[in-house]
Protein chains: 2
Amino acid sequence: MDSLLEKRNPAMTESDVLELEGFLPYRLNVLATLVSHSLARVYGERFGISIPEWRILATLGQFNEMTAREIGQHSRMHKTTVSRAVSTLEKRQLLARRPNDQDMREAFLAMTPDGQSIYAEIVPLARSFARDLTQDIRPEDLAVLDRVLAQLMGRLNASSMDREEEA
Amino acid sequence: MDSLLEKRNPAMTESDVLELEGFLPYRLNVLATLVSHSLARVYGERFGISIPEWRILATLGQFNEMTAREIGQHSRMHKTTVSRAVSTLEKRQLLARRPNDQDMREAFLAMTPDGQSIYAEIVPLARSFARDLTQDIRPEDLAVLDRVLAQLMGRLNASSMDREEEA
DNA sequence: TATTGTTATACTCTATAACTATA
DNA sequence: TATAGTTATAGAGTATAACAATA
């Protein structure tokens with residue numbers, strides 16, 4: 001791959017060229033895609049769970065009962081994505097609905113015992129995946145990473161580049 | 001949104017629960033999606049360029065001429081994605097093919113003058129987008145971010161969780 | 001036989017819009 | 001009028017497989 005170095009574009013000065021390898025949006029995208037797909041392979045192959053489905057289980061693991069709207073807000077998924085993933089999980093009986101008598105438009109969603117037992121199996125896998133990923137990184141660097149990721153998220157949310165639900 | 005804090009799942013102890021908000025794969029994914037879409041809006045609305053198309057232009061900006069295979073390696077895109085984006089760029093005359101007489105299976109791809117002028121317009125926009133994104137972050141933290149992202153990428157590549165081209 | 005690239009096809013995730021049923 | 005949720009539909013982006021041309 002070093003052969004590419006011999007092919008630098010001679011028509012451009014350094015200031016004209018944007019280095020993709022050092023460009024933060026590109027790097028974040030490549031990294032996040034690799035991470036997501038690697039992790040999805042862990043729970044996907046074993047339990048037949050998609051990324052949206054996992055996010056819903058993860059949300060219901062943290063909060064006992066939630067409406068679809070709340071799940072979407074917390075896991076940052078579009079309401080149609082949530083609706084379809086909830087429906088799949090319901091068919092597989094990993095999740096159940098309880099009507100809200102105060103507002104019949106919505107329902108409270110919670111994991112069934114089957115859902116909880118899959119969740120209980122996935123959580124340690126997910127934890128060990130994240131641990132493997134970060135095991136070579138110094139703790140103080142991880143702390144910085146934490147802070148910087150939070151700052152970047154804050155910056156993006158503040159710039160109102162966001163979606164319907166948050167408008 | 002703090003009302004959610006009142007709803008923590010009482011059936012689970014803290015060690016059973018995985019906090020989505022603190023889970024690195026989830027945070028990377030949400031952040032990268034927000035960043036990509038925000039940036040794609042910048043060049044998408046203005047120039048009608050998709051993410052794969054932009055990555056190809058960016059690669060050809062760095063390297064004068066490349067084959068589709070080399071572009072795919074450098075920009076980490078699947079060969080079918082590259083093939084289709086190249087074809088679109090060619091139709092719009094932002095990119096041209098030059099046959100390789102030594103190997104007629106492949107062709108050398110390069111930006112046309114029109115492609116270069118769009119590239120020259122996008123690069124400052126992309127730079128200023130990245131600058132806006134990181135302007136509140138301390139330089140020493142950005143240096144750590146750089147190093148950690150590289151470590152994470154290295155870790156994922158090493159784990160052979162990768163795609164066809166790199167097998 | 002292996003490789004470059006294209007195309008057909010399909011899958012995932014996301015998004016818009018139209019709809020329902022409630023409020 | 002507005003909101004929660006569903007469904008139809010479409011659009012990216014990605015992937016597999018089959019293929020043509022070439023090595």
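Because the structure is predicted, anything quoted here is derived from the model rather than measured. Here is the naming used below: chain letters follow the sequence lines, and residue numbers restart at 1 for every chain.
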Steps toward side-chain contact (heavy atoms from CB on, under 4.5 Å) verdict (A/Thr33, B/Asn29) = CA-CA 7 Å; A/Thr33 301; B/Asn29 204 319; over 6 Å; no
Find which nucleotide of DNA chain C each of A/Pro52 and B/Ala68 is nearest to by heavy atoms, and output the residue with the more 5' nucleotide.
-> B/Ala68
Touch class at under 4.0 angstrom, heavy-atom based, for B/Ser87 against every strand present | nothing
Send over the distance from B/Met66 CE to C/dG5 C1', rounded to a whole Å.
-> 16 Å
Take atom CD1 of A/Ile51 and atom P of D/dT14, then tell me their distance rounded to the nearest Å.
-> 13 Å
Residues forming a salt bridge (Lys or Arg N to Asp or Glu O under 4.0 Å) with A/Arg69, sequence neighbours excluded = none
Protein-nucleotide distance (B/Ile56, atom CD1; C/dG5, atom P), rounded to Å = 12 Å
A/Ile49 CD1 to C/dT12 C1', in whole Å, measures 15 Å
Counterpart residues, ring pair (Phe, Tyr, Trp, His ring centres under 6.0 Å), relative to A/Tyr43 (two or more places apart) = A/Trp54
What does the list of N/O pairs under 3.5 Å between the protein and nucleotides 17-19 of chain C look like, with a distance for each?
none

Write out a two-atom table: protein N or O, nucleotide N or O from nucleotides 21-23 of chain D, distance below 3.5 Å.
residue : atom : partner  : partner atom : Å
D/dT22  : O3'  : B/Met104 : N            : 3.3
D/dA23  : OP1  : B/Met104 : N            : 2.8

A/Arg41 CZ to C/dC11 C1': how many Å, rounded?
-> 16 Å
Partners passing salt bridge (Lys or Arg N to Asp or Glu O under 4.0 Å) against A/Glu140 (at least two apart in sequence or in another chain) = A/Arg138
Between atom CD in B/Glu53 and atom P in D/dG11, what is the gap in whole Å?
-> 15 Å
With no hydrogens and no angle check, do the side chains of B/Gln93 and B/Asp114 hold a donor and an acceptor under 3.5 Å apart?
-> no
Between C/dT16 (C1') and A/Arg84 (CZ): distance, integer Å | 11 Å
When all nucleic acid strands are considered with a 4.0 Å heavy-atom cut-off, which category describes A/Arg97: base, sugar-phosphate, or nothing?
-> sugar-phosphate
Quickly work out the A/His37 NE2 to D/dG13 C1' distance and round it to whole Å.
-> 9 Å
Ignoring backbone atoms, establish whether B/Thr67 has a side-chain N or O less than 4.0 Å from OP1 or OP2 of C/dT4.
-> no
Report the C-alpha distance between A/Arg27 and B/Asp146 in whole Å, list the side-chain angles of each, state the deciding distance to 0.1 Å, and finish with yes or no for side-chain contact (heavy atoms from CB on, under 4.5 Å).
-> CA-CA 9 Å; A/Arg27 293 176 75 195; B/Asp146 250 34; 3.0 Å; yes
Where each residue is assigned the nucleotide of DNA chain D containing its nearest heavy atom, which of B/Ser50 and A/Glu90 is assigned the position nearer the 5′ end?
-> A/Glu90
Would you kindly compare A/Ser83 and A/Asn29 by the position of their nearest DNA chain D nucleotide and give the one closer to the 5′ end?
-> A/Ser83
Distance-only, no hydrogens or angles: does the B/Ser87 side chain make a donor-acceptor pair with backbone N or O of B/Ser83 under 3.5 Å?
-> no
Donor-acceptor pair between B/Gln151 and A/Asp136 side chains, under 3.5 angstrom | no
Not counting sequence neighbours, which residues clear salt bridge (Lys or Arg N to Asp or Glu O under 4.0 Å) with B/Arg97? List them please.
-> B/Glu90
